[in-house]
Amino acid sequence: MDDQERRSMPLFSIGIVKKLTELTARQIRYYEENALVFPERTTGNQRLYSFHDVDRLLEIKDLLERGINLAGIKHILTEKEHKNPKDARVTDKKVRKMIRNELLFETGKMGKSNMLQGEMSRFFH
DNA sequence: CTTCTTACA
DNA sequence: TGTAAGAA
């Protein structure tokens, strides 16, 4: 099995992930509700996170600390998946640009409240 | 004892 | 987000 498979292997309980990410169980579950991470489940319905999931959570945590909301983070992560179907990574330059735009959006410097998904997409490109 | 879901401050 | 409840 290759690296990709290993990184996607469901291995950690939410308790381990809490320690690894420094996030609360509440947050970890909440981000799942918002489709930011997709942990597997055991037969007993227990969540199992992979290295990939942990990486995503750390990224979410970082973005959150930069003042970006879940919607913005979702777009950024979705963009990365779109641009990186496999491994190729998004340039730091592009990430900074998306973060800057998100911050502007948040600050409301361009009339926030109800920007539609379509506009949001164009906004990020 | 840990985790899950649901609901409420 | 935190936390309480009751179940698993």
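Just so we're on the same page: letters track the sequence lines, and every chain starts at 1.
- For the pair A:Arg7 (side chain) and A:Ser50 (backbone), a donor-acceptor distance under 3.5 Å is absent.
- Both A:Gly44 and A:Leu64 lie near DNA chain C, and the one whose nearest nucleotide falls closer to the 5' end is A:Leu64.
- Taken together through direct or relayed side-chain contacts under 4.5 Å among Ile, Leu, Val, Met, Phe, Trp and Tyr, A:Tyr30 and A:Leu20 form part of one hydrophobic cluster.
- The CD1 atom of A:Ile60 sits 11 Å away from the P atom of C:dT1 (whole-angstrom rounding).
- A straight line from OH of A:Tyr49 to P of B:dT2 spans 17 Å, rounded to a whole angstrom.
- We find that CD of A:Glu40 is positioned 14 Å from P of B:dC4, with the value rounded to whole Å.
- Distance alone, capped at 3.5 Å, places no donor-acceptor pair between the A:Arg47 side chain and the A:Glu40 backbone.
- When rounded to the nearest whole Å, the span between NZ of A:Lys18 and C1' of C:dT1 equals 14 Å.
- For A:Ile16 and A:Arg26, each mapped to the nucleotide of DNA chain B holding its nearest heavy atom, the one lying further toward the 5' end belongs to A:Ile16.
- Contact annotation for A:Gly15: backbone-only contact, meaning every heavy-atom pair under 4.0 Å involves sugar-phosphate atoms and none involves a base.
- Atom P of nucleotide C:dG2 and atom CG of A:Leu23 are separated by 10 Å, given to the nearest angstrom.
- Remark: A:Lys74 does not engage A:Glu59 in a salt bridge, criterion side-chain N to carboxylate O under 4.0 Å.
- Proximity of A:Arg29 to the phosphate of B:dC4: a side-chain N or O atom is located under 4.0 Å from OP1 or OP2.
- In this structure, OH of A:Tyr30 is placed 16 Å from P of B:dT5, rounded to the nearest angstrom.
- The side chain of A:Ser13 contributes no N or O atom lying less than 4.0 Å from OP1 or OP2 of B:dT2.
- A:Gln46 has no side-chain polar atom (N or O) that falls below the 4.0 Å cut-off from OP1 or OP2 of B:dT3.
- Ionic pairing of A:Arg66 and A:Asp62 is present here: one or more N-O contacts between side-chain nitrogen and carboxylate oxygen are shorter than 4.0 angstrom.
- Rounded to an integer number of Å, the gap from A:Asn45 CG to C:dG6 P is 20 Å.
- For the pair A:Glu32 CD and B:dT6 P, the computed distance is 12 Å after rounding to whole Å.
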